[in-house]
Amino acid sequence: KTSELRFKKAPESVRPLTDESVASSYNNFYEFGTSKSDPKENAQSFVVDPWKLEVSGLVETPITLNYEDLFKRFELQERIYRLRCVEAWSMVIPWIGFTLAELLKAAKPLSSAKYVAFETLYSPEQMPGQRSRFTGGGVDYPYVEGLRLDEAMHDLTLMSVGMYGKTLPPQNGAPIRLVVPWKYGFKSIKSVVKIVLTDKEPPTTWNILAPDEYGFYANVNPKVDHPRWSQGRERRILGSGLNTQRRIDTQMFNGYSEVASLYSNMDLRRFY
Amino acid sequence: MQTVKKMQNSLNSMRPIRISKGWINAGRALIHIISIAWLSVVYLDALSGELPGDPVQYLLDFSGIGTLHLLIMSLLISPMAQTFKFGQLVRLRKTLGVYAAVYALFHLYVFIAYELQYEWLLIAEEIIKRPYITVGMLALSILSVLLITSLQAIKARMGTAWQKLHNWVYLATILGCIHFLWSVKSNWYEPTAYLITALILISLRRKKLQKIFK
């Protein structure tokens, strides 16, 4: 179902990777069911072509990308990122895509734009989780996420169209998803159809669902525990065997210290 | 209402069910075999990497839900024995309870050995600091005491105190369901269904419970 991509490869040094089979069979994508194995099972007939991704709101030139544009409009590059889930497990995944900054610059944000809002496709006929609150984990769909504009423009922030050398499998957010490596995984919204620049902090799905557990920023932070578990350490999932997993310390900003200056004046306990 | 009456009448006029002792022993053997084989197969699959996705989460879910299933089955025994006048069923109850405790202990083992990988300080901290884990540990402690006292030698020595002690299984079941409900991120429906099932099964024992609390 996935196909090969042409892209600029990442340096070989960032290893070891999580097995591709694990990264594509252990997914949080409630649109296809709340259990980790549901998305792979239920997403295989998901239609990604044709696709429309709109960039609009406070921009000079709104853009619409169709399916081919996702792979052709910008040069594709590989980025090997650590992915830290809020549930205290992590993986290392070779993504392929282009920076969100390139996409936003093409739409020319107005000076009044302060935030970027994202939205996942709403298609209950294809996504069983969107059909009822019982199968979709109580989420009010479509799934929405948001970033501050400076976070969105940071060079680490990626719009991913592939992983492991190929287009994204549907359970990983095909055909295009966000990847923000210094934030908990739920910020990296999947199967995106809308990107809207705004002047107000946009609502975000997990924050609506449980505001005391999930904030707007959701930066990886070992010093701020989740109310129900410690965030100090994490279980790095590399292979599918029980003994291929190691416990390691969680790093501030998931080890991407270059983003620290974005938050220099903020109390990260309050803005978790 | 009419149909309920009719059903009750037909049940009342039912003859008690009696089967040979061999069949009950076979039923008990079946519980042993299924419980042990299922757990072993899943654990071996996890070790060799044949489970889908994250094996730790899989084992935690499998053993946790397995415990609740076994507890609920054990709570179903006596209402079923009464309804169908099938007293021998009660002889299967202890075996189900034993495996509920075994699955719960395996659940804790996975948490300690694979989720937190023997970081004892953190393990102790989590048990104290996280209410859903505290509640789970309480349920597990009760089940462990019930498991030990299930040894025939101890049971015989305890006399009538044994049944009194083993009534704590109701509390353990409710705590187990609360632990499940409290642990999920947002999909409350499944754990709520378990909690309601447990409450219904326990409410069938209203009279007995009233006696305990009098």
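As the structure is a prediction and not an experimental result, all values here were calculated from the model. Letters A, B, ... mirror the listed sequences (proteins, then strands); counts begin at 1. Values below: all heavy atoms of this structure, side chains included; hydrogens, waters and symmetry mates excluded.
Heavy-atom minimum distance, A:Ser240 versus B:Pro55: O-CG, 3.3 Å. B:Gln117 and A:Gln245 get closest at one heavy-atom pair: NE2-O, 3.1 Å. B:Arg130 approaches A:His226 most closely through the heavy-atom pair NH1-O, 3.1 Å.
With contacts defined as side-chain heavy-atom distances shorter than 4.5 Å, the pair B:Asp54/A:Val22 does not qualify. Between B:Tyr43 and A:Leu242, some side-chain heavy-atom pair lies under the 4.5 Å cut-off. With contacts defined as side-chain heavy-atom distances shorter than 4.5 Å, the pair B:Tyr114/A:Arg235 does not qualify.
Around the NZ atom of B:Lys155, the shell of radius 6.0 Å holds more than 12 heavy atoms that belong to other residues, nucleotides or ligands. The 12-atom threshold is exceeded at NZ of B:Lys208, counting heavy atoms of other residues, nucleotides or ligands nearer than 6.0 Å.
Interface residue A:Arg247: backbone and side-chain heavy atoms are both found under 4.5 Å from chain B. In this structure, no portion of A:Trp89 lies under 4.5 Å from any heavy atom of chain B.
Qualifying salt bridge (Lys or Arg N to Asp or Glu O under 4.0 Å) partners for B:Arg93, counting only residues two or more places apart in sequence or in other chains: none.
A salt bridge between A:Asp225 and B:Lys129 is present, with a side-chain N of the basic residue lying under 4.0 Å from a carboxylate O of the acidic one.
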